[in-house]
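Heads up, the thing below is written out as structure tokens.
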Amino acid sequence: MEGDGNKIDVQKEEEEEEEDESVTNILRDRFRLASISIAETEAQRNGLEISEPIIAYIADFAFKYTEQLAKDLELFAQHAGRKTVNTEDVILSAHRNDHLATLLRSFCNDLKAKEPQSERKRKKASRKEDKATTSVVHVPDL
């Protein structure tokens with residue numbers, strides 16, 4: 001009987017992997033279409049022509065870059081002992097590109113400035129919460 005339980009667990013894992021792969025394929029296709037649309041629009045706006053294979057390559061490259069970025073962000077959050085990705089993680093991901101890091105910091109500061117300030121006083125946050133920013137994305141457990 002115990003062997004049947006393991007067989008069911010293996011089947012569930014296989015179904016979950018297939019579902020994850022299906023979702024990834026859908027996301028890749030949607031991302032690719034959006035990237036192609038953006039590239040074509042920018043090319044038209046600038047009076048340029050871009051061949052279809054190049055546009056497809058750019059879209060695939062951008063998707064792979066985004067996948068790697070998501071993995072890096074997840075690792076940054078885990079290293080900090082958090083289950084959520086915050087804006088500091090995103091800024092840290094740009095550490096090799098000073099210009100991009102500066103733009104991200106500026107964007108983050110603009111977002112913070114636009115947040116409505118509460119009139120009543122809040123309790124003092126813990127040190128951990130002080131370091132985290134308000135913009136977060138949930139990272140599922142691995």
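Residues take their numbers from the sequence shown, with the count starting at 1. Not measured: the values here are computed from a predicted model.
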Revision key, fill the gap. Taken in chain and number order and not counting sequence neighbours, the residues that satisfy salt bridge (charged side-chain N to carboxylate O under 4.0 Å, His left out) with Glu42 are Arg45
Can you list, pair by pair, the side-chain donor-acceptor contacts under 3.5 Å of residues 57-71, counting residues two or more places apart and other chains?
{"unit_1": "Asp60", "atom_1": "OD1", "unit_2": "Arg32", "atom_2": "NE", "d": "3.4"}
{"unit_1": "Thr66", "atom_1": "OG1", "unit_2": "Ala62", "atom_2": "O", "d": "2.7"}
{"unit_1": "Gln68", "atom_1": "NE2", "unit_2": "Asp72", "atom_2": "OD1", "d": "3.1"}

Check your understanding: Which atoms form the tightest heavy-atom contact between Ile50 and Ala39, and what is the distance?
Key -> CD1-O, 4.1 Å
Practice item. Report the C-alpha distance between Leu33 and Ser37 in whole Å, list the side-chain angles of each, state the deciding distance to 0.1 Å, and finish with yes or no for side chain to side chain contact (heavy atoms under 4.5 Å, CB included). Key: CA-CA 6 Å; Leu33 288 173; Ser37 175; over 6 Å; no
Study note, to complete from the structure: In this structure, NE2 of His79 is separated from CG of Leu75 (nearest 0.5 Å) by 10.5 Å
Check your understanding: How far does CD1 of Ile36 sit from CD of Glu52, to the nearest 0.5 angstrom?
Key -> 8.0 Å
**Study point:** Test item: Asp89 side-chain N/O and Asn86 main-chain N/O as donor-acceptor pair under 3.5 Å
**Key:** yes
**Study point:** Leu100-Leu73 co-clustered via ILVMFWY side chain contacts under 4.5 Å
**Key:** yes
Revision key, fill the gap. Interatomic distance, CD@Glu88 vs CZ@Arg82, rounded to 0.5 Å, equals 8.5 Å
Study note, to complete from the structure: The reported gap from OG in Ser106 to CD1 in Ile91 (rounded to nearest 0.5 angstrom) is 10.0 Å
Review point. Roughly how far, to the nearest 0.5 Å, is OG1 of Thr102 from CG of Asn97?
Key: 8.5 Å
Point to revise | Residues Leu111, Glu115; criterion side chain to side chain contact (heavy atoms under 4.5 Å, CB included); working and verdict | key: CA-CA 7 Å; Leu111 286 177; Glu115 286 181 358; 5.6 Å; no
Exercise for review: Kindly compute the distance separating OG (Ser35) from CD1 (Ile55), expressed to the nearest 0.5 Å.
Suggested key: 10.5 Å
